[in-house]
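Quick note: numbers below take in every heavy atom, side chains included, and nothing from hydrogens, waters or symmetry partners.
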Amino acid sequence: MATKTAGAALADDDARAQAAVLLSRYPDLSEREFDTLHHWFKRVAGPLDVGLLASDPAIADQYRAYRKRHHDRFSAKDLAIAALFLAIAASAFGIIVMMVP
């Protein structure tokens, strides 16, 4: 059992190291490399992985630039979820107001 856990940790370290190498070259990445990095941040990386990359002084500037340009923005999905939430909240408020005598 310990071998499986150690193997998973090693795989995480390898993926994080690959992301660090890609970040060190950011923004001079090919489309495929950018997609790999973006996928890693969105689907693979955990909070510890992101924290370890963010605290690495060798790639800190590139990390901040990448985050500012690609992750610290609201996406269309985020805006749609916010609009849906506001619509539901406004509807609930309207129903409550209509029921008041």
Side-chain angles (χ1 to χ4, degrees):
M1 183 108 175
T3 305
K4 289 181 183 178
T5 304
L10 184 60
D12 290 344
D13 290 344
D14 289 344
R16 188 173 46 248
Q18 181 185 10
V21 168
L22 291 174
L23 271 176
S24 70
R25 294 186 11 246
Y26 181 81
D28 299 324
L29 298 174
S30 69
E31 190 67 30
R32 183 171 180 234
E33 291 170 329
F34 173 75
D35 290 342
T36 300
L37 186 62
H38 190 67
H39 173 76
W40 185 81
F41 270 107
K42 286 286 191 182
R43 303 283 180 213
V44 178
L48 179 62
D49 295 320
V50 174
L52 289 170
L53 280 183
S55 65
D56 186 350
I59 58 171
D61 293 335
Q62 292 93 338
Y63 170 77
R64 281 193 294 272
Y66 176 80
R67 292 292 296 195
K68 183 178 180 182
R69 182 149 188 207
H70 300 287
H71 283 279
D72 292 343
R73 295 179 172 215
F74 290 113
S75 67
K77 180 181 175 184
D78 296 332
L79 295 176
I81 290 171
L84 179 64
F85 174 77
L86 288 175
I88 291 170
S91 298
F93 181 73
I95 290 171
I96 290 170
V97 168
M98 289 174 52
M99 295 180 78
V100 172

Nearest-0.5 Å distance that lies between atom CG in Leu37 and atom CZ in Arg25: 10.0 Å

Heavy-atom closest pair, residues Thr36 and Gln18: CG2-NE2, 4.0 Å

Side chain proximity check, Leu23 to Phe41, heavy atoms < 4.5 angstrom: yes

Cluster link Val50 to Phe34, ILVMFWY, side chain under 4.5 Å: yes

Min side-chain heavy-atom separation Trp40-Asp49 under 4.5 Å: yes

Salt-bridge contact Asp35-Arg32 (side-chain N to carboxylate O under 4.0 Å): no

Test ring-ring contact (aromatic ring centres under 6.0 Å, His included) applied to His39 - qualifying residues, sequence neighbours left out: none

Shortest non-hydrogen contact between Ala19 and Leu53, atoms and distance: CB-CD1, 4.0 Å

Tyr63 with Val21, same ILVMFWY side-chain cluster at under 4.5 Å: no

Criterion side chain to side chain contact (heavy atoms under 4.5 Å, CB included) on Tyr26 and Glu33, from CA distance to verdict: CA-CA 10 Å; Tyr26 181 81; Glu33 291 170 329; over 6 Å; no

CG on Asp61 to OG on Ser24, rounded to 0.5 Å: 12.5 Å

Nearest non-hydrogen partners of Leu29 and Leu22, listed with the distance: CD2-O, 3.4 Å

